[in-house]
Each structure stands twice: as structure tokens, then as C-alpha cells.
A.B. asks: 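One structure is given below, represented as C-alpha cells, and several questions about it will come after.
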Amino acid sequence: MLNIVLFGPPGAGKGTQSEKLIEKYGLTHLSTGDLFRKHLGEGTDLGKLARTYMDQGHLVPDQVVISMVEDKISTTKDSKGFIFDGFPRTTAQAEALDAMLISNGMKISGMIALDVPHEILKERIKERGKTSNRADDQNEEKVNTRIKVYLDETLPVAKYYEKQDKYTSINGVGGIDEIFEEISEVMDSY
Ligand code: AMP
């Protein structure tokens, strides 16, 4: 079973690469951002709660995210493995993920981080905002907040996997296929 954390700042290309990876490796895509957007669209209580954080570019509280992921893993038991995209975003989430995987007889194979300079991230998010309909992509202040939240709260998660010898960083600037090849090489080494 392959369980991958695809890591990187907002706009790094995690969603784009995840789509290609699930096709090639037959894994289950678990994007917490996508799950929240689905709840938002369906107008559930969870969606209404998440919106208050997402619209500001802040993180949804750990316990809310962790429960949602637990639910998704426990209802997707026969998967060949997961690509975690946009999760874990705090060290507390990483610890909770390890605990929930262990209790299901699973573990993380590795974290693959997409490295992209901040100026390029802002450009990419601005471009995506033209078609994504995402409120959090439309406003420069919110984009800056998300990058700051990434640096303050999410970057330490890379250290968490480095300590476990499970961290690989990849240049996230270049052609989509070229980056995908590099990710595939790492995937094939697990
Ligand atoms: P994303 O699509 O991954 O960029 O996520 C969009 C927004 O959803 C983020 O800016 C957060 O407000 C929220 N979100 C997604 N995943 C998480 C997470 N793992 N922890 C906390 N908030 C999250």
C-alpha cells in the first residue's frame, strides 16, 4: 500500500499532480480542501463552519479536519492507498494521521514536497482565481495570509517527516509532465 503526503504551499500544483498520480497509481485522492468545498457547496453545518475560516485564508481547527479525515479513511477501506493533499497542515494533524493509520494497519510511505518560490505562487493563484470560483483565490490579502499561515503553521510538518526519514523535495517549477516524472521516480522508489 502506498500512502503519500503531497506537500507544498498554496498554488504549488498539488491538485494538478494528484490528478495524474491517482490515474497512474490507482490511489485514493484525499484533499481536505476539496472535501471542505464539497461541504460548502452542499451547505452542510461542517461547510458553514469551514467557510468562516477558509474565506479568511485561515486554517480550519485541527479537530474538525482530523474527524473529517478519519471519517473518509474509515469509509474507504479497500483502497490501494491514499494521496493526502493539503493534509496534514499542522504537526498536530500529522501526529493524528500517524495514529489513525497505525490503528488501521497502515503507515505513510513518504512525503513529497513541491518547492515553488513565493512570487510564482502568487502569480499561479491569481491565474487560477480567474476560473476557480474560489473566494480565497480572488483577493491578494487573503493569498498573502495563506502563504504566511503556510510558513508559520504548515512548514514544520516537513520537519516531522524529515525526522522519520520520509521527506523528499522536488522542484515544483517547470512543465507539468516533467514534474510528474520526478514525482513518479520517487513514488517508484517506495
Ligand atoms: P486548499 O484547497 O488545500 O488550498 O484548502 C483551502 C482552505 O481549506 C485552506 O485555506 C483552509 O482554510 C482549509 N483547509 C484545507 N485543508 C486544511 C487542513 N488540513 N487544515 C486546516 N484547514 C484546511
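Just so you know, ligand 1 is whichever comes first in the structure, and atom 1 is the first atom listed for that ligand. Counting from 1, the numbers follow the sequence of the chain as shown. What's counted below: heavy atoms across the whole structure, side chains too, no hydrogens, waters or symmetry copies.
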A.B. asks: Check side chain to side chain donor-acceptor pair (under 3.5 Å) between Asp98 and all other residues, then give those that pass, not counting sequence neighbours.
C.D. replies: Tyr160, Gln164

A.B. asks: Does this structure show an ion pair linking Arg134 with Asp55, if we count only N-O contacts that are shorter than 4.0 Å?
C.D. replies: no

A.B. asks: Kindly list each side-chain donor-acceptor pair under 3.5 angstrom involving residues 106-122, sequence neighbours excluded, with atom names and distances?
C.D. replies:
| residue | atom | partner | partner atom | Å |
| --- | --- | --- | --- | --- |
| Ser109 | OG | Asn3 | N | 2.9 |
| Ser109 | OG | Asn3 | O | 3.4 |
| Lys122 | NZ | Asn144 | OD1 | 3.2 |

A.B. asks: Is the shortest distance from a Lys or Arg side-chain nitrogen in Asp137 or Arg128 to a carboxylate oxygen in the other one below 4.0 Å?
C.D. replies: yes

A.B. asks: Taking side chain to side chain donor-acceptor pair (under 3.5 Å) as the definition, give me every residue that meets it alongside Lys48, ordered by chain and number, with sequence neighbours left out.
C.D. replies: none

A.B. asks: Measure from NZ or CZ of Lys166 to the centre of the six-membered ring of Tyr161 and say whether it is under 6.0 Å with the direction within 45° of the ring axis.
C.D. replies: no

A.B. asks: So if I only count non-hydrogen atoms and take anything under 4.0 Å from ligand 1, which residues does that give, chain by chain?
C.D. replies: Thr32, Gly33, Phe36, Arg37, Met54, His58, Leu59, Val60, Val65, Gly86, Phe87, Arg89, Gln93, Arg134, Asp136

